[in-house]
Amino acid sequence: MASSPAPTRTTQLGETQRRDAWWLELLPVIILFGGFGIYATLRAIEGKFYEWGPYLSPFYSPLLSFSWWRFSPAILILGAPLGSAPLATTTQSLLSRFLSRSARLYCGRTGFRKNYRGETSFPFILQNVHRYFLYLAILFLCFLWYDVFKAFNFGGKFGVGLGTVIMLVNVCLLTLYTFSCHSLRHIVGGKLDCFSCSTFGPPRHSAWSFLTVLNERHMVWAWSSLISVGLHRFLHRMLKVGVFKDLRLL
């Protein structure tokens, strides 16, 4: 009777017994996420080409100007949206996918299992950081929606330009991303065992069901809004430097 080979023990975090090219699925995430991170950093510290006509770059909303601040105004506010925006979700995805490769092997080891504390310790706790930025994200959505309404005002008259449409699509995607967040779904009703036994049970169940539908496509909204934010910022810069001309639709 043939005997199966004894499993090889792993000794380092990140080491795996898999023989397939599992890391290939991470390449698109690393390329797109890394490219956006570099571009966003450069545009944020640039400190110019962020406003054209009624349009304002999302990296600079809300626009804060102080006489004592000599650097880019984006630096004053960028930390809050980055903590909860698509960057957080893609970071979470990248971290969880990478570490999950060796998780099963490590959990089977007695020493690791004894000290394992789930997502309450480093590095797994990093997956929870974006949950605490949810409230700030909703606040920043209000600023972005205000900017969209301003983008319909061309010299005191109602108008619609290509930039207006891009800003509207961008904020809609960011809204879908924010309201599809696991944290918001949990706050509304994810922690309840019985909706009919709870205060405001029926409306909470309706809201929870709606958020569940959005949550099923949370990663789609995350990637879509990440790309739209980058395109939005790119458009503002091209308009400001005169490479593009805004197409007036109305």
Report task. Consider only side-chain heavy atoms of I, L, V, M, F, W and Y, link residues closer than 4.5 Å, and tell whether Leu250 and Ile166 are in one cluster. Result -> yes
Requested in this report: Please assess Leu184 against Thr178 for the test side chain to side chain contact (heavy atoms under 4.5 Å, CB included), listing each intermediate value before the final yes or no.
Outcome: CA-CA 8 Å; Leu184 183 59; Thr178 302; 5.9 Å; no
Query raised in the report: Can you name the residues that form a ring-ring contact (aromatic ring centres under 6.0 Å, His included) with Phe195, not counting sequence neighbours?
Result: His205, Trp208
Query raised in the report: So which heavy atom on Asn215 is nearest to which on Ser180, and how close?
Result: ND2-O, 2.9 Å
**Report entry** Linked, directly or transitively: Val148 and Leu249 (ILVMFWY side chains, under 4.5 Å)
**Finding:** yes
Report summary line: Residues passing the disulfide (SG to SG under 2.5 Å) test with Cys142, sequence neighbours excluded, are none
**Report entry** Value rounded to 0.5 Å, distance of CG in Leu64 from CG in Leu76
**Finding:** 6.0 Å
Report task. Spell out, yes or no, whether Val229 and Leu231 are grouped together once hydrophobic residues are joined by side-chain heavy atoms under 4.5 Å, including indirect joins. Result -> yes
Query - Least distance between heavy atoms, Gly159 atom then Arg248 atom - result: CA-NH2, 3.9 Å
Report task. Spell out, as yes or no, whether a donor-acceptor pair under 3.5 Å connects the side chain of His232 to the backbone of Met167. Result -> no
**Report entry** Within 6.0 Å of CZ in Phe158, more than 12 heavy atoms from elsewhere
**Finding:** yes
Requested in this report: Take Lys150 and Leu56, measure what side chain to side chain contact (heavy atoms under 4.5 Å, CB included) needs, and give me the verdict at the end.
Outcome: CA-CA 9 Å; Lys150 288 178 59 180; Leu56 178 65; 5.9 Å; no
Query raised in the report: Does a sphere of radius 6.0 Å around CZ in Phe66 hold more than 12 heavy atoms from other residues, nucleotides or ligands, not counting ones at 6.0 Å or beyond?
Result: yes
Report summary line: In Phe179, Trp223, Tyr177, the residue satisfying ring pair (Phe, Tyr, Trp, His ring centres under 6.0 Å) with His218 is Tyr177
Report task. Tell me, please, which residues at least two apart from Trp145 pass ring-ring contact (aromatic ring centres under 6.0 Å, His included). Result -> none
**Report entry** Qualifying salt bridge (charged side-chain N to carboxylate O under 4.0 Å, His left out) pairs, either residue in residues 166-185, two or more places apart
**Finding:** none
Query raised in the report: What distance do Trp52 atom CH2 and Leu235 atom CG have between them, rounded to the nearest 0.5 Å?
Result: 9.0 Å
Query raised in the report: Going by the salt bridge (charged side-chain N to carboxylate O under 4.0 Å, His left out) test, which pairs reach into residues 33-49, not counting sequence neighbours?
Result: Arg43-Glu46, Glu46-Arg233, Glu46-Arg237
Query raised in the report: Under 4.5 Å between side-chain heavy atoms, hopping through other hydrophobics if needed: is there a path connecting Tyr50 to Tyr146?
Result: no
Query raised in the report: Judged by atom type as modelled, is there a donor-acceptor pair below 3.5 Å linking the side chain of His236 to the main-chain atoms of Phe49?
Result: no
Report task. Check the hydrophobic clustering (I, L, V, M, F, W, Y; side-chain heavy atoms under 4.5 Å; chains of links allowed) and say if Ile31 and Phe36 are grouped together. Result -> no
Query raised in the report: Between Phe234 and Tyr39, what is the ring plane arrangement, given parallel below 30°, perpendicular above 60°, and tilted in between?
Result: tilted
Query raised in the report: Apart from Ile38 itself, which Ile, Leu, Val, Met, Phe, Trp or Tyr residues share its cluster (side-chain heavy atoms under 4.5 Å, direct or through members)?
Result: Leu42
**Report entry** Separation of Ser183 OG from Leu211 CG (nearest 0.5 Å)
**Finding:** 11.5 Å
Report summary line: All heavy atoms of Cys194 vs all of Ser198, minimum pair found to be O-OG, 2.7 Å
**Report entry** Pairwise distance CZ(Phe154) to OG1(Thr164) - rounded to 0.5 angstrom
**Finding:** 4.0 Å
**Report entry** CH2-OG distance between Trp221 and Ser228, expressed to the nearest 0.5 angstrom
**Finding:** 11.5 Å
Query raised in the report: What is the distance from atom CD1 of Ile187 to atom SG of Cys181, rounded to the nearest 0.5 Å?
Result: 8.0 Å
Query raised in the report: Taking side chain as C-beta onward, heavy atoms only, is Ser72 less than 4.5 Å from Tyr60?
Result: yes
Query raised in the report: Between Asp246 (side chain) and Gly163 (backbone), is there a donor-acceptor pair under 3.5 Å?
Result: yes
Query raised in the report: Any idea which heavy atoms bring Ala74 and Ala44 closest together, and the distance?
Result: CB-O, 3.6 Å
